[in-house]
Amino acid sequence: MNIAIIGSGYVGLVTGACFAEMGHKVICVDSDTAKIKLLKKGKPHFYEEGLEEMIQRNMRNGRLFFSSSIREAVRKSLVIFICVGTPPKPNGEADLSYVENVSIEVARAMPSYRLIVEKSTVPVETGKWIEHTIRLNIKKKIGSRLSADRSCLSAGRSRLSADRSCLSADRFDVASNPEFLREGSAINDFFNPDRIVIGVESERAKEILKEVYKGIDTEIVFTDIKSAELIKHASNSFLAMKISFINSIARICERTGADVEMVAYGLGLDKRIGRHFLKSGIGYGGPCFPKDVDAFIHIADKLGYDFSLLKAVKKVNDEQKALFIKKIEESLWILKDKTIGVLGLSFKPNTDDMRNAPSIDIINSLKGSGARIKAYDPQAMKKAMSIFKGKWIQFCNGPYDVARGSDAIVILTEWHEFEVLDLIRLKKLMRNPLIIDGRNIFDPKKMKKLGFRYICIGRTA
Ligand code: NAD
């Protein structure tokens, strides 16, 4: 199948490369010419394990191409996946202007039937707006062509009637196919998803998408477009709710001396609850959960429903970072001129994505209190350097370099590399053996034995 991917970011690029790996012929488009220039050399603009090799393999096979032209991609493809960003507006609402722009360009470029699939995370009823926008722009295009033809005596009748037939309803379909892959395990998630959700309103669109995903062994949930759109926002909001729930339990553990890790373990064994997303820490971040929770609250408000449960999820998450900063302040007393070593900058391990990473707010707060920062992340250093600038922050070559002369180490991302540190070596390098762990990667009892003052979330030694 010939497939166009519009928006070659984290989702679009992984999806495009994986479709090519399945045997489809894929053109990935992006409006950022610098990204396309890199991609044409086989280099992704972000880190995801296995992606670079997969891109290069499929470029060599002649199944994966890159372009800056939506027109070229739409002309050559039957299925068009919209994978552009849907960032939050200041009021939390999803900004759909990228989706609208792409819909207009796709409409202008469509030579015959095309299936347009929204993969970006969008509010319920966006499919309806995409359809409306495409129809409107096809009409505009035909209108201008008809008037040009009428004014041209040499234009033949056959051209006019062909164009009129383009107005017929079956020239395109819109479908929803929300994405659930996780950065850090995106390729595995693509090929082994828990489910594929497809919202369609025509048999033709359903058959095409069945063919696109043929070979992936999972349940395909076929539903209407609005339900598919809602499944995505409901899923992310539910997962965010689990995180805020366990973080609330952690606060009760801290007040009573119970251990949140054990509570989460005992809780998660119940199949009705499940073990995943019961890890307490400094709260959720990243490019999806914060914006999707905000967007869903906004959608509900607009529909006249006060989604107070989700508002509480957001409140708990915001507090979680503030509570962690308070722990750092309480354990160091005066932050001014103290050196704080930071391990982990990306919003989660195995990615270099810094969008909405909790490290940003936490480091900026420490800077505001006059602390000096030494920081290290296995993958996100380059992106972090473009966010944090100045003499107050020193980017280091590794965790031991961070530890040298630090008054405390703060753990903000649970990279495996940190879990296997030589803690005795680390302690010797530090000015003060204090670790404040926002990800609960060590055993408090073991840390106490090693002579550390170890402060974490929801558990004590
Ligand atoms: P991203 O910012 O990494 O990628 C979006 C890309 O679209 C950018 O490269 C941008 O240059 C490009 N773009 C914008 N306008 C364009 C246009 N007119 N023509 C061509 N390209 C254009 O974003 P992302 O993380 O890939 O997310 C995309 C969507 O997928 C969002 O709605 C997001 O919520 C959703 N999503 C993301 C993830 C994730 O883990 N990142 C997971 C599931 C769903």
Side-chain angles (χ1 to χ4, degrees), residues 1-31 35-36 39-40 42 44 48 50-51 54-85 98-99 102-103 105-122 127 130-131 134 171-181 186-187 189-191 193 196-200 202-216 218 220 222 225 228:
M1 184 106 37
N2 289 349
I3 295 175
I5 301 281
I6 316 295
S8 304
Y10 282 83
V11 164
L13 189 56
V14 170
T15 306
C18 291
F19 279 150
E21 187 81 0
M22 289 170 74
H24 299 302
K25 201 163 179 179
V26 182
I27 304 185
C28 289
V29 178
D30 206 283
S31 52
K35 285 181 188 168
I36 291 298
L39 288 167
K40 281 185 171 173
E48 184 66 42
L51 184 62
M54 188 183 277
I55 288 174
Q56 291 174 3
R57 186 166 55 247
N58 284 286
M59 286 173 82
R60 279 196 301 275
N61 287 343
R63 290 203 295 251
L64 185 59
F65 302 86
F66 297 100
S67 169
S68 302
S69 164
I70 291 186
R71 189 177 177 78
E72 180 199 359
V74 169
R75 294 213 155 239
K76 291 181 176 165
S77 310
L78 174 64
V79 194
I80 326 290
F81 282 88
I82 301 179
C83 303
V84 293
Y98 300 96
V99 175
V102 169
S103 307
E105 281 201 62
V106 168
R108 286 181 184 154
M110 279 183 355
S112 54
Y113 176 86
R114 293 293 182 270
L115 170 59
I116 296 97
V117 187
E118 48 172 34
K119 195 169 250 316
S120 302
T121 303
V122 291
I130 293 177
E131 189 190 332
I134 293 176
R171 193 169 166 201
F172 69 96
D173 277 309
V174 173
S176 165
N177 171 217
E179 185 49 62
F180 298 95
L181 60 76
I187 292 177
D189 290 347
F190 180 93
F191 287 110
I196 292 168
V197 173
I198 291 178
V200 275
S202 87
E203 214 31 57
R204 188 176 186 180
K206 183 177 176 180
E207 288 310 313
I208 292 172
L209 284 166
K210 252 192 204 169
E211 192 58 33
V212 165
Y213 282 106
K214 199 169 160 188
I216 298 208
T218 193
I220 300 190
F222 284 107
I225 294 177

Can you sort out the partners of E131 under salt bridge (Lys or Arg N to Asp or Glu O under 4.0 Å), two or more places apart, ordered by chain and number?
R135

From CA spacing to verdict: side-chain contact (heavy atoms from CB on, under 4.5 Å), F81, V26
CA-CA 11 Å; F81 282 88; V26 182; over 6 Å; no

Are the side chain of R63 and the backbone of M22 linked by a donor-acceptor contact shorter than 3.5 Å?
no

Shortest non-hydrogen separation from I225 to G127 and the atoms involved
CG2-CA, 4.1 Å

Show the nearest heavy-atom pair for residues N58 and A17, with the distance to one decimal.
ND2-O, 4.0 Å

State which residues pass side-chain contact (heavy atoms from CB on, under 4.5 Å) with A4; sequence neighbours excluded, sorted by chain then number.
I6, A73, S77, I80

Shortest non-hydrogen separation from V29 to S69 and the atoms involved
CG2-O, 3.9 Å

Looking at every heavy atom in both P193 and F190, which two are closest together, and how far apart are they?
CD-O, 3.4 Å

Answer yes or no: is there a side-chain heavy-atom contact under 4.5 Å between I3 and K25?
no

Before you tell me yes or no, could you show the steps for V106 and R114 under side-chain contact (heavy atoms from CB on, under 4.5 Å), namely the whole-Å CA-CA distance, both residues' side-chain angles and the distance that decides it to 0.1 Å?
CA-CA 9 Å; V106 168; R114 293 293 182 270; 5.7 Å; no

Taking side chain to side chain donor-acceptor pair (under 3.5 Å) as the test, write out the residues that go with E48, two or more places apart.
none

Under the rule for salt bridge (Lys or Arg N to Asp or Glu O under 4.0 Å), what residues qualify as partners of K35, not counting sequence neighbours?
none

With sequence neighbours excluded, what pairs up with S67 under the side chain to side chain donor-acceptor pair (under 3.5 Å) test?
E72

Might you work through the side-chain contact (heavy atoms from CB on, under 4.5 Å) test for M54 and C18, ending with a clear yes or no?
CA-CA 8 Å; M54 188 183 277; C18 291; 4.0 Å; yes

Sorted by chain and number, sequence neighbours left out, side-chain contact (heavy atoms from CB on, under 4.5 Å) with P178 holds for S176, F180, V197, A228, K232

Once side chain to side chain donor-acceptor pair (under 3.5 Å) is applied, do any residues pair with E211, and if so which ones, sequence neighbours excluded?
none

Using modelled atom types and a 3.5 Å cut-off, is there a donor and acceptor pairing between side-chain atoms of Q56 and backbone atoms of G42?
yes

Please list, chain by chain and in numerical order, all residues satisfying side chain to side chain donor-acceptor pair (under 3.5 Å) with R71, sequence neighbours excluded.
none

Distance, nearest 0.5 Å, that separates CG of N2 from NZ of K76:
9.5 Å

Does atom OH (Y98) have a neighbourhood of more than 12 heavy atoms from anything else shown, all under 6.0 Å?
no

Side chain H24, main chain V212, donor-acceptor under 3.5 Å
yes

Sub-4.5 Å side-chain heavy-atom contact between L78 and L115:
no

Evaluate the side-chain contact (heavy atoms from CB on, under 4.5 Å) criterion for residues T121 and E179: first the C-alpha distance (whole Å), next the side-chain angles of each, then the deciding distance (0.1 Å), finally the verdict.
CA-CA 7 Å; T121 303; E179 185 49 62; over 6 Å; no

Is there a donor-acceptor pair under 3.5 Å between the side chain of S120 and the backbone N or O of V84?
yes

Is any side-chain heavy atom of F65 closer than 4.5 Å to a side-chain heavy atom of K40?
no

Closest non-hydrogen atom pair, A205 against S202:
N-OG, 3.0 Å

Validation row: V99, E118 side chains within 4.5 angstrom (heavy atoms):
no

Which heavy-atom pair separates G12 from C83 by the least distance, and what is that distance?
CA-CB, 3.7 Å

Under the ring pair (Phe, Tyr, Trp, His ring centres under 6.0 Å) test, which residues partner Y213, sequence neighbours left out?
F19

Taken to the nearest 0.5 Å, the spacing of I36 CD1 from F66 CZ works out to 7.0 Å

Rounded to the nearest 0.5 Å, how far does OG of S103 lie from CZ of F172?
9.5 Å

Test salt bridge (Lys or Arg N to Asp or Glu O under 4.0 Å) applied to K210 - qualifying residues, sequence neighbours left out
E207

Tell me which pairs pass salt bridge (Lys or Arg N to Asp or Glu O under 4.0 Å) where either residue lies in residues 8-21, with sequence neighbours left out.
E21-R57

Out of curiosity, L13 CG to I55 CD1, how far, rounded to the nearest 0.5 Å?
4.0 Å

Which pairs pass side chain to side chain donor-acceptor pair (under 3.5 Å) with one or both residues in residues 3-14, sequence neighbours excluded?
Y10-D352, Y10-K383

State the CG-CG distance between L39 and D30, to the nearest 0.5 angstrom.
7.5 Å

When rounded to the nearest 0.5 Å, the distance separating CD1 of I208 from CG of D173 is 7.0 Å

